[in-house]
Student: 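To start, I am sharing the structure in question, which I have written as structure tokens.
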Amino acid sequence: MTVLMKKLAISLLLCSLPACAQTVPAAASSAQSTVPVAVTQNADPSAQKARALLEKMIAALGGQSYLTFQTKTEQGRTYGFYQGQPTGSGTQFWRFWKFPDKDRTELTKKRDVIYIVNGDQGYEKTYKGTAAQEPDIQEDYLRRRTHSLEVVLRQWLKQPGTMLFYDGAATVEQKLADQVSIVNAQNDSVTIAIDQTNSLPIRRLFTYRDRTDKLKNEDAEVYGNFRMIEGVNTPLTISRMKNGLMTNQRFLNEVHYNVPMPESMFEAGVTYDPYKLSGPRR
């Protein structure tokens, strides 16, 4: 398994954000709040502005269609980057995602390299068999999943102690945006840049400290080429950044929601240890 292929898999194994489109569906215009009352600071002006921006954003994403879809399938091409520069001609992929914690990605034309995440366990399937996912790759995936928009908007906002902050206006990806931070009871936060022209998310960003060197890192996703698909506004271009440098870019050709997926798609068992076969890593 090449290092490039593993890097592509890291970037693919994450719930992708259904994002912007030019119109808001009528069903999303309901007066009922889509930001749960568990969020505190209800009387704080900053929190009230943040709440209003989030409600508009959720409506623009598709409202209840966005908040309640349970599965998503993707087909497209993924490209890896190193130090901001492309590393190859890209790889075809097929992805199957089931909320909240199941993910399957198939790579190459033959679809013979498969990555599976079921709960907190990750697996890599090739012609050699099935191996446990490398710990650093799995840690990165779980961190991204925890900070994904699906988890933040569906779960964080319902948790007691979650707080909202309006961080002001900024230019993000050459667009005028309002920035909102969501901070949970564990003092973990995600900042969302919301397009001022259409109330749709431009970027999701969070920071974390590396477990080894303790340095602060910034993880971001940027969304573009938006289309309405089956009631959910979906970006067909997704760019991932680390500390300001692009690490991966995906171009989606086909997307579907709420496609039935059997649990067997996400079942896997380790059949070999690649490090016992090849010796310890240096």
Side-chain angles (χ1 to χ4, degrees), residues 1-19 72-97 103-117 122-128 130-150 173 202-208 210-213 215-226 234-255 268 274-275 278 281-282:
M1 200 54 209
T2 66
V3 173
L4 172 59
M5 193 73 74
K6 289 180 182 293
K7 288 182 177 179
L8 291 173
I10 295 173
S11 298
L12 280 166
L13 283 172
L14 178 70
C15 314
S16 59
L17 167 70
K72 181 181 181 182
T73 66
E74 300 174 351
Q75 181 181 342
R77 197 165 188 88
T78 179
Y79 297 81
F81 290 76
Y82 178 70
Q83 295 184 346
Q85 299 299 316
T87 56
S89 58
T91 303
Q92 284 185 271
F93 75 90
W94 291 258
R95 183 168 178 257
F96 307 87
W97 175 78
D103 208 335
R104 177 188 178 99
T105 299
E106 302 171 358
L107 299 176
T108 79
K109 290 182 178 180
K110 296 182 178 180
R111 303 171 70 163
D112 54 359
V113 177
I114 302 171
Y115 291 88
I116 293 174
V117 175
Y123 306 90
E124 175 189 300
K125 299 180 70 173
T126 65
Y127 70 93
K128 296 179 181 179
T130 303
Q133 186 57 276
E134 295 182 27
D136 56 339
I137 294 179
Q138 187 65 6
E139 180 182 24
D140 183 74
Y141 170 82
L142 294 176
R143 179 168 51 237
R144 289 175 179 270
R145 186 176 73 186
T146 299
H147 295 85
S148 68
L149 281 189
E150 286 85 1
E173 299 298 314
I202 300 170
R203 181 184 67 191
R204 182 276 295 141
L205 182 147
F206 69 92
T207 60
Y208 66 96
D210 188 273
R211 187 161 44 88
T212 303
D213 58 24
L215 294 177
K216 189 175 182 180
N217 292 286
E218 183 181 87
D219 185 291
E221 276 194 337
V222 178
Y223 314 102
N225 192 18
F226 313 112
T234 306
L236 300 185
T237 302
I238 305 168
S239 303
R240 293 196 176 137
M241 320 285 288
K242 182 175 181 180
N243 298 328
L245 294 176
M246 188 176 295
T247 60
N248 176 265
Q249 194 166 45
R250 286 180 287 161
F251 298 91
L252 308 184
N253 300 322
E254 188 173 347
V255 178
Y275 301 119
S278 60
R281 286 180 291 179
R282 297 183 181 275

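Both backbone and side-chain heavy atoms feed into the values below; hydrogens, waters and symmetry mates do not. These figures come from a predicted structure and were not determined experimentally. We number each residue from 1, following the sequence as shown.
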Student: What is the distance from atom CD of Glu139 to atom CG of Asp210, rounded to the nearest 0.5 Å?
Tutor: 8.0 Å

Student: Over all heavy atoms of both residues, which pair between Ala268 and Thr130 is shortest? Give the atoms and the distance, please.
Tutor: CB-CG2, 4.3 Å

Student: How are the rings of Tyr79 and Phe251 set to each other: parallel, tilted or perpendicular (split at 30° and 60°)?
Tutor: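 Geometry flag for Phe251 against Tyr79: perpendicular rings.
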
Student: Between Val222, Thr237, Thr78, which is the residue that forms a side-chain contact (heavy atoms from CB on, under 4.5 Å) with Gln249?
Tutor: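 Looking at Val222, Thr237, Thr78, the match for Gln249 under the side-chain contact (heavy atoms from CB on, under 4.5 Å) is Thr237.
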
Student: Closest approach of Thr108 and Trp94, non-hydrogen atoms and distance?
Tutor: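 Scanning both residues, the minimum pair turns out to be O-CZ3, 3.2 Å.
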
Student: Passes side chain to side chain contact (heavy atoms under 4.5 Å, CB included), Arg144 versus Asp219? Steps please.
Tutor: CA-CA 8 Å; Arg144 289 175 179 270; Asp219 185 291; 3.1 Å; yes

Student: Are Gln75 and Phe93 side-chain neighbours, meaning at least one heavy-atom pair lies under 4.5 Å?
Tutor: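 No, side chains not in contact.
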
Student: Does the pair Ile116 and Lys125 meet the rule for a side chain to side chain contact (heavy atoms under 4.5 Å, CB included), with working shown?
Tutor: CA-CA 8 Å; Ile116 293 174; Lys125 299 180 70 173; 3.9 Å; yes

Student: Can you tell me how far OH of Tyr223 sits from CG of Leu236, rounded to the nearest 0.5 angstrom?
Tutor: 14.0 Å

Student: Let me confirm one number: the CE-CZ distance from Met241 to Arg204, rounded to the nearest 0.5 Å.
Tutor: 12.0 Å

Student: Take Asp140 and Leu142, measure what side chain to side chain contact (heavy atoms under 4.5 Å, CB included) needs, and give me the verdict at the end.
Tutor: CA-CA 6 Å; Asp140 183 74; Leu142 294 176; over 6 Å; no

Student: Evaluate salt bridge (Lys or Arg N to Asp or Glu O under 4.0 Å) for Glu74 paired with Arg250, printing each intermediate quantity in order.
Tutor: CA-CA 10 Å; Glu74 300 174 351; Arg250 286 180 287 161; 3.4 Å; yes

Student: Rounded at 0.5 Å granularity, tell me how far NZ in Lys242 sits from CG in Asn217.
Tutor: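 It comes to 4.5 Å.
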
Student: Could you tell me whether a side-chain N or O of Asn248 sits under 3.5 Å from a main-chain N or O of Met246, the two making a donor and an acceptor?
Tutor: no

Student: Apply the test side chain to side chain contact (heavy atoms under 4.5 Å, CB included) to residues Val117 and Arg145: give CA-CA distance (whole Å), side-chain angles for both, the deciding distance (0.1 Å), then the verdict.
Tutor: CA-CA 11 Å; Val117 175; Arg145 186 176 73 186; 3.8 Å; yes

Student: Any side-chain heavy atom of Thr105 sitting closer than 4.5 Å to one from Trp97?
Tutor: no

Student: Which residue pairs satisfy the salt bridge (charged side-chain N to carboxylate O under 4.0 Å, His left out) criterion with at least one member in residues 105-117, sequence neighbours excluded?
Tutor: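 Found Arg104-Glu106, Glu106-Arg111.
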
Student: If the threshold is 4.0 Å, N to carboxylate O, is there a salt bridge linking Lys216 and Glu218?
Tutor: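 Looking at Glu218 together with Lys216, the answer is no, because their closest N to O distance does not fall below 4.0 Å.
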
Student: Nearest 0.5 Å, what's the CG-CG distance between Asn225 and Leu252?
Tutor: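 Asn225 atom CG to Leu252 atom CG measures 9.0 Å (nearest 0.5 Å).
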
Student: Hey, could you give me the CD1/CD distance between Ile202 and Glu173, rounded to the nearest 0.5 Å?
Tutor: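 Answer for the CD1-CD pair, Ile202 versus Glu173, is 8.0 Å.
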
Student: Donor-acceptor pair, Arg77 side chain versus Gly90 backbone, under 3.5 Å?
Tutor: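 Checked: pair present.
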
